[in-house]
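Within every chain, numbering begins at 1; the chains are lettered A, B, ... in the order of the sequence lines, protein sequences first and strands thereafter. Here the structure is a predicted model, which is why all the values come from computation and not from measurement.
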There are 2 protein chains.
Amino acid sequence: MVSAMHDHTTDRPGRTGRPRSAEADAAILAATREALVDLGWSKLTLGDVATRAGVAKTTLYRRWAGKNELVVDAVAELFDELELPDRGSLAADVEGVVLQFADLLARPETRTALMAVVAESTGDEALRARIRTSIVDRQKRLVLEGRQRAQERGELPAEDDPETAARTADLIFDVVAGAVVHRSLVSSEPVDTEWARSFTALLLGGLAQAGGRPSHT
Amino acid sequence: MVSAMHDHTTDRPGRTGRPRSAEADAAILAATREALVDLGWSKLTLGDVATRAGVAKTTLYRRWAGKNELVVDAVAELFDELELPDRGSLAADVEGVVLQFADLLARPETRTALMAVVAESTGDEALRARIRTSIVDRQKRLVLEGRQRAQERGELPAEDDPETAARTADLIFDVVAGAVVHRSLVSSEPVDTEWARSFTALLLGGLAQAGGRPSHT
DNA sequence: CGATATACGCTACGACTCGTAGCGAAAGCT
DNA sequence: AGCTTTCGCTACGAGTCGTAGCGTATATCG
């Protein structure tokens with residue numbers, strides 16, 4: 001539960017008049033997720049969301065510019081659930097976060113919305129930025145946390161060059177998130193414990209061996 | 001250049017009457033890709049595609065059930081371009097196919113369409129199957145080819161259990177394709193030679209070390 | 001060659017969604 | 001109180017959807 005919302009209901013202190021209903025915000029976002037499950041992305045209409053939320057359609061348009069922005073906010077909330085409890089070893093931590101992420105992607109609203117919003121963002125820089133700050137960065141912290149713990153345990157060496165460290169973190173992030181998403185949504189095969197274990201072995205093996213120098217010639 | 005089309009223009013021999021125009025098929029698919037670049041997914045209308053292709057809107061609906069199916073076919077053609085020339089080493093082969101795949105994903109029509117179709121497929125089993133056969137399986141062959149070559153070179157050991165071999169191939173496929181897609185479309189950062197080299201080092205390191213046994217405990 | 005069967009282009013249609021405008025009423029702040 | 005902003009409601013033109021109906025074009029079969 002983060003206190004800072006995105007930017008809608010930010011009740012600026014020097015603001016007079018009737019404030020926006022925070023309950024309406026929550027109801028709309030919940031209704032959006034519900035409608036996503038029932039209808040999917042393309043058949044989701046803002047009018048339907050308004051009806052489900054018990055608000056007027058105009059209220060919706062007063063707060064969000066369109067379907068894209070609304071769905072990003074509705075789904076971003078779900079990513080707050082991701083956590084990284086200390087499971088004792090780097091392998092266990094990776095395995096845990098993979099399964100956790102897979103569970104999140106197993107939910108119908110996440111499956112549909114994440115891909116759809118990414119698709120729309122390919123031609124919309126503002127939307128892409130919104131996704132980065134609302135979703136991507138929120139997951140990347142898990143990689144940083146996990147690495148730090150592993151370094152404290154002595155499982156990973158301390159990084160010398162901070163720039164290389166950042167690049168490696170980005171690489172790992174794309175590999176982990178990408179593999180889980182691809183397995184789950186594109187190949188449409190289950191991310192179970194067995195797969196998570198194989199994947200973790202592959203990743204940690206790569207980290208252990210490829211310290212940084214290229215492998216060929 | 002595969003001779004067998006999907007299923008539309010399959011001129012069955014025992015068929016009487018005027019056959020469907022193969023030119024119209026090609027024109028429609030090209031127009032679809034063009035419209036995707038200009039409009040993106042959500043603003044793409046089938047009426048517009050028909051106009052661009054120089055055919056009647058009804059002709060479009062006679063061949064495809066809707067936007068989803070049309071776009072899958074339009075994009076599937078692009079994946080035929082992927083090839084795996086022998087570059088001499090496993091590392092070079094992996095690096096090459098990563099860059100090639102990244103180039104494909106850099107094209108606006110691929111970026112938009114692939115994610116959008118995957119998003120729609122989350123609630124549509126038929127569409128999911130169509131994606132699997134038209135797109136996913138077409139890429140998976142690259143993994144199998146690459147592994148066989150590496151085994152012939154002696155870079156990888158021959159597999160004993162065919163089932164384990166298949167699982168490993170699927171894992172590698174999801175890791176490679178997923179990482180490239182995620183880096184390119186979600187993180188929206190470039191897949192350049194440097195990234196491809198780092199990724200390849202990570203992957204091959206993992207393959208070399210994690211033979212199959214789990215790493216923890 | 002004529003008959004049959006299918007595809008094609010065109011037009012028109014009802015149903016739906018979109019995003020906006022205008023109104024009176026409600027709910028806060030000073 | 002008085003002011004300001006939000007809210008719910010209704011209505012609207014514009015655009016898209018997917019389908020039906022018609023006459024015409026182009027194949028195969030007898």
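Note: CG (A:Asp25) to C1' (D:dT6) measures 13 Å, nearest angstrom. Per the geometry, CG belonging to B:Asp48 stands 14 Å off C1' belonging to D:dC17, to the nearest Å. Between the CZ atom of B:Arg63 and the C1' atom of C:dC8 there is a distance of 9 Å, rounded to whole Å. Atoms CG (B:Leu60) and C1' (D:dC17) sit 13 Å apart, rounded to a whole Å. The separation between A:Ile28 atom CD1 and D:dT6 atom C1' is 12 Å, rounded to whole Å. In this structure, B:Trp64 places its CH2 atom 18 Å from C1' of D:dC17, rounding to the nearest Å. We find that CD of A:Glu23 is positioned 17 Å from P of D:dT6, with the value rounded to whole Å. Nucleotide D:dC17 holds its C1' atom 18 Å from the NZ atom of B:Lys43, rounded to whole Å.
A donor and an acceptor atom, one from each side chain of A:Thr164 and A:Glu159, are nowhere located under 3.5 Å apart.
With A:Thr110 contributing its side chain and A:Leu104 its backbone, the two residues share a donor-acceptor pair below 3.5 Å.
A distance of 12.0 Å separates CZ in A:Arg132 from CG in A:Leu127, rounded to the nearest 0.5 Å.
A donor-acceptor contact under 3.5 angstrom links the side-chain atoms of B:Thr58 to the base of C:dC10. Taking 3.5 Å as the limit, the base of C:dG19 and the side chain of A:Lys57 contain a donor-acceptor pair of atoms between them.
Ring pair B:Phe79/B:Phe101 is tilted by interplanar angle, where 30° to 60° counts as tilted.
Using a 4.0 Å cut-off between charged side-chain N and carboxylate O, B:Glu95 and B:Arg87 make no salt bridge. Look at A:Asp25 and A:Arg20 and you find no salt bridge, because none of the NZ, NE, NH1 or NH2 atoms lies under 4.0 Å from a carboxylate O. With respect to B:Asp38 and B:Arg52, a salt bridge is recorded, a charged nitrogen being found less than 4.0 Å from a carboxylate O.
For B:Arg20, taking side-chain heavy atoms from C-beta onward, the closest of the listed nucleotides D:dG8, D:dC17, C:dC8 is C:dC8. Of the candidates C:dC18, C:dG9, D:dT16, C:dC18 carries the atom nearest the A:Thr45 side chain, counting heavy atoms from C-beta on.
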Between the protein and nucleotides 1-5 of chain C, are there any N/O to N/O pairs under 3.5 Å, and if so, what are the atom names and distances?
none

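Comparing B:Arg62 and A:Leu46 against DNA chain C, the residue whose closest nucleotide sits nearer the 5' end is B:Arg62.
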